[in-house]
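Heads up, the thing below is written out as structure tokens.
Remember, it's 1-based here, ligands and their atoms both numbered in the order they're listed. Heavy-atom basis, side chains included; hydrogens, waters and symmetry copies ignored.
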Amino acid sequence: MTPTIRSPSPKARVGEYNDATHAEDASALIIGEHGYKHRLLDSRVMPPFITPTRYALSRRIRTRDSDICFSSYPKSGSTWLSYIIFLLTDSASARDTIQSSLIWVESSWTYLRSEAEVEAASEPRVFKSHMPYDMALGGVPAENKGRYIYIARNPKDVVTSYYRFESGKSWTGFYDGGWEHWLGMFVDGKVQRGDWFHHVLSWWEASQRAENILFVKYEDLKRDTTAEIRRIAEFLGKSQLTEERMTEIESKIGFEEMKKDKFSSLGDVKEFNQFFRKGEIGSWKDQFTVRQSEMFDQLCEERMSGSGLHFDYE
Ligand SMILES: Nc1ncnc2c1ncn2[C@@H]1O[C@H](COP(=O)(O)OS(=O)(=O)O)[C@@H](OP(=O)(O)O)[C@H]1O
């Protein structure tokens, strides 16, 4: 099948967030402390570019057997995962960038806007989301057709990466609260996408029960890239990967390679120029004080004990 090249409509271009281009739902915007702009959807804190209209559409999507839907809490390696998916399914080559190849229904920044466009998209349709399990694309993933992949990362690196990326950005209302304040908001589940523990554990628990949900950890992908790509490939029904193809895929998805590559780059939007920041395990050590680290470890113990889910922090 010939892949469809999607030309972005001017309205849908990813770029600086502006309330005027999201006027359909402007009334629901909230400005929090230090100018932190957000919306509440199903009582969860969400970015302003996730409008109620688009969220409702994302819940209405009827998934198909060939669909691949991935989700993550922000800053957990989802762009990395998406490139791996495109390479494994051979659907990357004819398209111009990751962003224009993905279908991100919940966001106003998606290149495919209408239900009809999503219906007509070439297969496999690769859907991106940053929603917790109970707000997932298509309703209840475990009862749906298609395959879901969730990528998670240790929360200390997530909150660090998130802080570095989100401060001063248009879609956070140029938030300027500083690190201590940000960490407090993260712990209270008040940053965009809500409570990290709920988000990750909701997918983790679902993945233990449902065969169509694969749970991937950023740290495993970083440490044992070959084995993790093979696990993802098997889940996607692509277990016949040759050594040659495997080497080719690995050569493209390294941090430095993706940073340079035109397909994986996020284009020329100035606000995204910090996106490929470090790509490491343990960069939280440059951000947390000892006291903050101990407080956070205690919180992780309280919120995650008994879940069977563990992360590497260095
Ligand atoms: N190839 C590769 N290898 C290792 N790490 C990588 C790679 N590509 C992206 N990254 C790092 O992933 C972090 C961004 O995560 P997301 O893509 O989920 O971000 S977003 O929420 O969609 O904006 C962000 O992490 P930090 O560097 O810690 O900020 C990216 O640098």
Check your understanding: Do any nitrogen or oxygen atoms of Lys278 come within less than 3.5 Å of a nitrogen or oxygen of ligand 1?
Key -> yes
Exercise for review: Say whether Tyr73, considering both its backbone and side-chain N or O atoms, lies within less than 3.5 Å of an N or O atom on ligand 1.
Suggested key: no
Point to revise | ligand 1 contacted by Tyr83 (non-hydrogen, < 4.0 Å) | key: no
Point to revise | Heavy atom of the protein closest to atom 31 (O) of ligand 1 (residue, atom name, distance) | key: Phe255 CE1, 3.2 Å
**Study point:** Interatomic spacing from CG in Leu87 to CD in Glu250 - rounded to 0.5 Å
**Key:** 11.5 Å
Review point. Can a salt bridge be assigned to the pair Asp90 and Lys238 using a cut-off of 4.0 Å between side-chain N and carboxylate O?
Key: no
Exercise for review: Step through it carefully: locate the ring centre of Tyr175, locate the ring centre of His181, and say whether they are under 6.0 Å apart.
Suggested key: yes
Exercise for review: Over 60° means perpendicular and under 30° means parallel, so classify the ring planes of Phe296 and Phe288, tilted if in between.
Suggested key: perpendicular
**Study point:** Residue, atom name and distance, where the atom is the protein heavy atom closest to atom 14 (C) of ligand 1
**Key:** Phe275 CZ, 3.7 Å
Check your understanding: What atoms in ligand 1 come closer than 4.0 Å to a heavy atom of Lys128?
Key -> 22 (O)
Practice item. Please name the residue in the list Ser107, Ser72, Ser76 that meets the side chain to side chain donor-acceptor pair (under 3.5 Å) test with His130. Key: Ser72
Study note, to complete from the structure: Looking only at non-hydrogen atoms, the one of Glu166, Gln192, Lys75, Lys259 nearest atom 20 (S) of ligand 1 is Lys75
Check your understanding: So, is Gly77 polar-close to ligand 1, with some N/O to N/O distance under 3.5 Å?
Key -> yes
**Study point:** Heavy atom of the protein closest to atom 17 (O) of ligand 1 (residue, atom name, distance)
**Key:** Thr79 OG1, 2.6 Å
Check your understanding: Is Lys156 paired with Glu314 through a side-chain N to carboxylate O contact shorter than 4.0 Å?
Key -> no
Check your understanding: Given that the side chain starts at C-beta and the backbone is N, CA, C, O, which of these parts of Pro74 lies under 4.0 Å from ligand 1, counting heavy atoms, or is it both or neither?
Key -> both
Revision key, fill the gap. From the list Leu88, Ile249, Ile98, side-chain contact (heavy atoms from CB on, under 4.5 Å) partner of Tyr83 resolves to Ile98
Review point. How about Gln192 and Glu166: do any of their side-chain heavy atoms sit closer than 4.5 Å?
Key: yes
Practice item. Kindly assign one of parallel, tilted or perpendicular to the pair Tyr148 and Trp203, based on the angle between their ring planes and the thresholds 30° and 60°. Key: tilted
Revision key, fill the gap. Within 4.0 Å of some non-hydrogen atom of Gly254, the atoms of ligand 1 are 1 (N)
Check your understanding: Which of the atoms in ligand 1, numbered in the order shown and given with their element, are less than 4.0 Å from a heavy-atom of Ser78?
Key -> 16 (P), 17 (O), 18 (O), 22 (O)
Exercise for review: Could you tell me the residue and atom name of the protein heavy atom closest to atom 4 (C) of ligand 1, and the distance to it rounded to 0.1 Å?
Suggested key: Tyr218 OH, 3.3 Å
Practice item. Answer yes or no: are there more than 12 heavy-atom neighbours, outside Lys169 itself, under 6.0 Å from its atom NZ? Key: yes
Check your understanding: Between Ile253 and ligand 1, does any nitrogen or oxygen pair lie at a separation below 3.5 Å?
Key -> yes
Point to revise | Arg153, Arg164, Gln274: member with heavy atom nearest to atom 28 (O) of ligand 1 | key: Arg153
Check your understanding: Is it true that the NZ or CZ of Lys75 lies under 6.0 Å from the centre of Tyr162's six-membered ring and within 45 degrees of the ring axis?
Key -> no
Check your understanding: Between Trp80 and Phe255, does the ring centre distance come in under 6.0 Å?
Key -> no
Review point. Does any N/O atom on Glu280 come nearer than 3.5 Å to any N/O atom on ligand 1?
Key: no
**Study point:** Numbering as shown, the atoms of ligand 1 that approach Met258 to under 4.0 Å (heavy-atom distance)
**Key:** 1 (N)
Review point. Between Arg277 and ligand 1, does any nitrogen or oxygen pair lie at a separation below 3.5 Å?
Key: yes
Point to revise | Min heavy-atom dist Tyr162 to ligand 1 below 4.0 Å | key: no
